[in-house]
Protein chains: 2
Amino acid sequence: MKVSSRGEYALRALIALGLQEGNVSTIADISGQTLVPVAYLEQILLQLKMLGYLKSKRGKNGGYMLAKAPDQIVIGDVIRSLEGPLAPMGCVSITSYEACPLEGTCLLKPFWALIRDSIAQLLDQTTLAHLIERKL
Amino acid sequence: MKVSSRGEYALRALIALGLQEGNVSTIADISGQTLVPVAYLEQILLQLKMLGYLKSKRGKNGGYMLAKAPDQIVIGDVIRSLEGPLAPMGCVSITSYEACPLEGTCLLKPFWALIRDSIAQLLDQTTLAHLIERKL
DNA sequence: GATTATGTTGACTAACATACTCAGGTATCG
DNA sequence: CGATACCTGAGTATGTTAGTCAACATAATC
């Protein structure tokens with residue numbers, strides 16, 4: 001049930017930028033705060049930009065900043081974008097359902113569904129603002 | 001947040017055996033009911049046996065059966081044995097904690113802890129008997 | 001006691017995912 | 001112009017997953 005380093009790193013970066021309140025931060029700055037290797041962080045920031053969470057400015061005095069208010073950034077969405085579905089099994093995934101030959105009789109499916117709901121509820125009701133303000 | 005096929009298959013096998021109430025089932029039987037490839041299922045059943053969940057009988061008329069009552073088999077334990085810790089990140093794992101350099105100031109850690117607790121609670125309060133009796 | 005049905009063991013492999021690095025290219029400011 | 005940033009795409013080392021396969025050991029039955 002692990003979250004990959006990529007997901008963790010992305011959230012670290014979003015938090016670092018959220019704490020900057022509008023100022024741009026260079027990749028090197030963010031790397032320093034998050035302890036994510038610069039070259040790897042570049043990739044992740046770029047992806048977050050493509051997903052619409054970040055804006056960037058090139059050239060001197062450039063850097064990254066949030067493209068949305070922290071309370072508009074839902075953690076569940078971020079994780080889904082970076083790691084795929086939250087559901088533990090394809091058969092109970094809402095965003096990318098996969099059929100299973102046991103489907104009808106499977107005694108596990110309702111259980112996986114319970115777990116999916118529990119995880120999704122937590123992740124979808126938490127925003128970047130909640131993390132930054134320590135209000136969970 | 002996926003569960004591996006190995007974990008799913010192990011639970012399928014336990015359920016299949018739990019429904020047999022004491023009768024032995026051959027690997028081929030279990031494979032037929034669970035749709036897990038015979039050669040792969042062999043490995044998994046062997047592991048479940050080493051973990052103390054199953055007993056086996058060799059030779060003709062042999063097969064596998066549960067070594068414990070279904071209400072003594074906790075799903076969380078099974079998953080942990082087959083897939084490692086339930087926690088999404090090492091820094092909030094109880095069974096295999098890993099330190100993180102951000103530890104003190106990390107705004108994510110309390111959040112991961114919340115998720116860990118939610119998953120662990122569900123998995124640790126559910127037994128094989130609950131699955132078989134459809135009481136979740 | 002030979003046969004046959006079963007579990008046991010260990011090695012092996014193809015495919016994919018993870019966690020990065022690196023070499024260059026492009027825009028912008030001063 | 002040139003320094004400082006972000007941008008792009010390729011490459012790579014390591015590990016995990018999801019299996020397969022061949023040969024062996026044991027127990028029941030005829």
Side-chain angles (χ1 to χ4, degrees), chain A residues 1-13 17 20 23-32 34-51 53-67 79 81-85 88-90 96 98 100, chain B residues 1-13 16-17 20 23-32 34-51 53-67 79 81-85 88-90 98 100:
Chain A
M1 315 285 281
K2 285 266 182 273
V3 165
S4 71
S5 75
R6 200 180 178 88
E8 158 89 7
Y9 291 170
L11 293 181
R12 283 192 202 171
L17 288 170
Q20 291 307 307
N23 296 323
V24 299
S25 307
T26 68
I27 297 180
D29 280 352
I30 303 171
S31 171
T34 58
L35 303 183
V36 180
V38 173
Y40 193 28
L41 184 58
E42 267 183 53
Q43 280 189 13
I44 296 170
L45 292 174
L46 219 43
Q47 189 177 357
L48 289 172
K49 180 189 170 184
M50 287 190 299
L51 292 169
Y53 297 111
L54 301 182
K55 286 185 296 197
S56 64
K57 212 183 134 191
R58 285 184 158 200
K60 204 164 186 180
N61 302 327
Y64 280 96
M65 57 190 299
L66 291 185
I79 297 289
S81 302
L82 275 93
E83 319 228 342
M89 294 293 301
S96 71
E98 278 176 82
C100 159
Chain B
M1 315 287 281
K2 285 265 183 275
V3 165
S4 71
S5 75
R6 199 178 178 88
E8 159 89 7
Y9 291 172
L11 292 180
R12 283 193 201 169
L17 288 171
Q20 290 308 308
N23 296 324
V24 299
S25 306
T26 69
I27 297 179
D29 279 352
I30 303 170
S31 171
T34 58
L35 303 183
V36 180
V38 173
Y40 194 26
L41 183 58
E42 270 182 48
Q43 280 188 15
I44 296 169
L45 292 175
L46 218 42
Q47 189 177 358
L48 289 173
K49 180 188 170 187
M50 287 190 299
L51 291 169
Y53 296 111
L54 302 183
K55 287 185 293 196
S56 65
K57 211 183 136 190
R58 285 184 156 197
K60 204 162 186 181
N61 304 327
Y64 281 95
M65 55 190 300
L66 290 185
I79 297 290
S81 302
L82 274 95
E83 318 228 342
M89 293 293 300
E98 280 176 80
C100 159

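Only a predicted model underlies this, so the values are computations on that prediction, with no experimental measurement involved. Values below: every heavy atom of this structure, side chains too, minus hydrogens, waters and symmetry copies.
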Task: B/S/- contact track for nucleotides 5-18 of chain D, protein heavy atom under 4.0 Å - done: BSBB-B-------B
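- Judged as a side chain to side chain donor-acceptor pair (under 3.5 Å), and not counting sequence neighbours, the contacts of A:S4 are A:E83.
- Looking at every heavy atom in both residues, B:T34 comes nearest to B:I30 through OG1-O, 2.7 Å.
- Atom CG in B:L41 sits roughly 16 Å away from atom P in D:dC21 (whole-Å rounding).
- One atom, CG of B:L54, and another, C1' of C:dT6, lie 16 Å apart when rounded to the nearest Å.
- Taking atom CE of residue B:M65 and atom P of nucleotide C:dG7, one finds them 13 Å apart after rounding to whole Å.
- If you take CG of B:L48 and C1' of C:dT8, they are 15 Å apart, rounded to a whole angstrom.
- For the pair A:A67 and A:K55, the tightest heavy-atom approach, listed with the atom from each and the gap, is CB-CG, 3.6 Å.
- Heavy-atom minimum distance, B:N23 versus B:M65: O-CB, 4.1 Å.
- Listed by chain and number, the residues in a salt bridge (Lys or Arg N to Asp or Glu O under 4.0 Å) with B:R12 are B:E8 (sequence neighbours excluded).
- In this structure, A:E8 places its CD atom 14 Å from C1' of C:dA19, rounding to the nearest Å.
- Side chain of A:S31 to main chain of A:V36: a donor-acceptor pair is present (N/O by atom type, distance under 3.5 Å, no hydrogens or angles).
- Atom CD of B:Q47 is separated from atom P of C:dG7 by 17 Å (rounded to the nearest Å).
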